[in-house]
Each structure stands twice: as structure tokens, then as C-alpha cells.
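See below for the structure under consideration.
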Amino acid sequence: MTEDVETEARGLLGRTLTGHGVAVRITEVEAYGGSADPASHAFTRTPRSEIMYGPAWRLYVYRSYGIHFCANVVTGPTEQGAAVLVRAGEVVEGVDLARARRGPVPDHRLASGPGNLAQALGITLDDLGTELLAEDGEGVRLGPAVADPGEIVAGPRVGVSKAADVAWRFWLAGEPSVSAYRRSPRAPAIRLVD
DNA sequence: ACCGCGATGGTCT
DNA sequence: GACCATCGCGGTA
């Protein structure tokens, strides 16, 4: 393994993700370790997860609970299946368009949570496989890395029942767009005191 | 504040 | 037929 997926996930914080006329500054992500990670869609290699085994910096989109779309950055290396789920961001461009897509919510909630973020950016299955570093055109793209994104906090991933103990959720401290933590209904209870 | 639950559909066993 | 990498609402406190 070269650069691991945790490092890739932290490196996405603060970068700009643009989708169909709306740009967000990424404030919250989760790392998924591919074939080595029981919580990853790529833990079993299937038609849906095939794109995750391909080259880095392409977009993996899936439909969640039949209702929402969620956007992931495939991080490579190939054959590993690693990807980073983009969970939240601050809208920095195209606020009016984001409001139109999301309806009446406070601005800091426009792209709060993976389903909401994809909706604000207009991301659907049509965007599956987009080359995120391409210079040209509309669609979805990723901005350059940020030298100092701010203080990074880590915690367990939201809503996963497998590998619920690893702290592979990363967010920027103090950002109002960071979504509330909810563990999976099926995840084991967390012991708070001895 | 926390907790429960319904909507809704693809993916996988 | 079960299981979700969700969201927002409506209940109870």
C-alpha cells in the first residue's frame, strides 16, 4: 500500500468539489478501505463496486435507501477498492442554485450529510465515473489540495454496522455544516464508562 | 435532547 | 427476502 485511504480522506478536507454549477468546500469525509474493509461496498467485488477497483480520482455514486445519492472519490491504487465518501461541505459558489435544489433549509445545512450534499451539487447516477481532475467542462470536478485546511477531528463512521470501532470519519473542527453523528441501528452499543 | 420510524429501490444472497 | 455508507418528521422529556 502506498498512501492509505485515511490519509487520502484527510487530504480531501478543505478542497473544493464542484457539481453542476454549485461548489462546496469539503468539511466532512469518511474513508472506506475497499477489499480489506468489511464496511466498504468494495469488500465484495460486484458489478456495482467494480468502479472502485479502477483508477483513482473518479466519482463513485450510489443510491442510498432508494432515495438519496451519495458521492465518493475513488482513491486508488487500482485493485484495492478504496474510496472516500464526501459527507458534508460549505457552499461557496452557486448558493442560489443550491437553495433551489434543496428547498427551504438554513444555508449551513445545504450540503450537510451525504444525501443532501449530492442533492445540492445535482449529482446523480449520470455522473458515475466522472474524471474529477479533468480541467474542462461542466459536471463534477475536484479542486486542488489545500495546504492547511484547519483542525481535523476523527470519529467512528456514521451508520455502518461492520467495523464500527474504527475512527475513519474525519471533519473540520467547528464547521456548522458537519452532520450530526448517528450510529447504525445495528451497531453494538458503545460503552461510555467502565 | 433523544428515540423511533416511514419513504423507497437497487443490490446481493 | 434482507439489508442498507439517509433524511426529516413526530413523539416523549
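In what follows, chains carry the letters A, B, and so on, assigned in the order in which the sequence lines appear, proteins first and then strands, with residues in each chain numbered from 1.
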Atom-to-atom span, CZ of A/Arg48 to P of B/dT11 - whole angstrom:
7 Å
Side-chain donor or acceptor of A/Tyr62 under 3.5 Å from a matching atom on the base of C/dA5?
yes
Can you tell me the distance, in whole Å, between the CZ atom of A/Arg109 and the P atom of C/dT6?
16 Å
Figure out the CZ/C1' separation between A/Phe69 and C/dC7, and round it to whole Å.
15 Å
Of all residues at least two apart in sequence or in a different chain, which pass the side chain to side chain contact (heavy atoms under 4.5 Å, CB included) check with A/Ala118?
A/Phe69, A/Ile123
For A/Tyr62, what residues pass the ring-ring contact (aromatic ring centres under 6.0 Å, His included) criterion, not counting sequence neighbours?
A/His41, A/Tyr60
Rounding to the closest angstrom, what is the interatomic distance between B/dG10 and C/dG8 at atom C1'?
22 Å
Residues that A/Ala23 engages under side chain to side chain contact (heavy atoms under 4.5 Å, CB included), provided they are two or more places apart:
A/Thr16, A/Thr18, A/Val92, A/Glu93
Measuring from the side chain of A/Ser64 (C-beta onward, heavy atoms only), which nucleotide among B/dT13, C/dC7, C/dT6 has the closest atom?
C/dT6
Measure from the side chain of A/Arg102, starting at C-beta and using heavy atoms only, and say which of B/dG10, C/dG8, C/dT6 lies closest.
C/dG8
Would you please name every residue forming a side-chain hydrogen bond (donor to acceptor under 3.5 Å, both in side chains) with A/Arg63, sequence neighbours left out?
none
A/Trp171 CH2 to C/dA5 P, straight-line distance once rounded to whole Å:
19 Å
Go through C/dC4, C/dT6, B/dG10 for me and flag the one nearest to the A/Ser161 side chain.
C/dC4
By salt bridge (charged side-chain N to carboxylate O under 4.0 Å, His left out), A/Asp107 pairs with (sequence neighbours left out) A/Arg99
Using atom NE2 of A/His41 as one end and atom P of B/dT13 as the other, report the distance to the nearest whole Å.
13 Å
I'd like to know if A/Arg25 and A/Glu175 make a salt bridge, using a cut-off of under 4.0 Å between side-chain N and carboxylate O.
yes
Please give, in whole Å, the distance from C/dC4 C1' to A/Phe43 CZ?
16 Å
For DNA chain C, whose closest nucleotide is more 5', that of A/Asn116 or that of A/Lys162?
A/Lys162
Encoded 5' to 3' (Watson-Crick or G-U under 3.5 Å; [ ] crossing; | other strand), DNA chain C becomes ||||.|||||||.
With rounding to the closest Å, how many angstrom separate the P atoms on B/dT13 and C/dA5?
13 Å
Round to the nearest Å and state the distance from A/Tyr65 atom OH to C/dC3 atom P.
11 Å
In whole Å, I'd like the distance from the NE2 atom of A/His68 to the P atom of C/dC4.
18 Å
Main-chain N/O of A/Val158 paired to A/Glu30 side chain as donor or acceptor, under 3.5 Å
yes
Closest to the side chain of A/Tyr32, out of C/dA5, C/dT6, B/dG10, is C/dA5
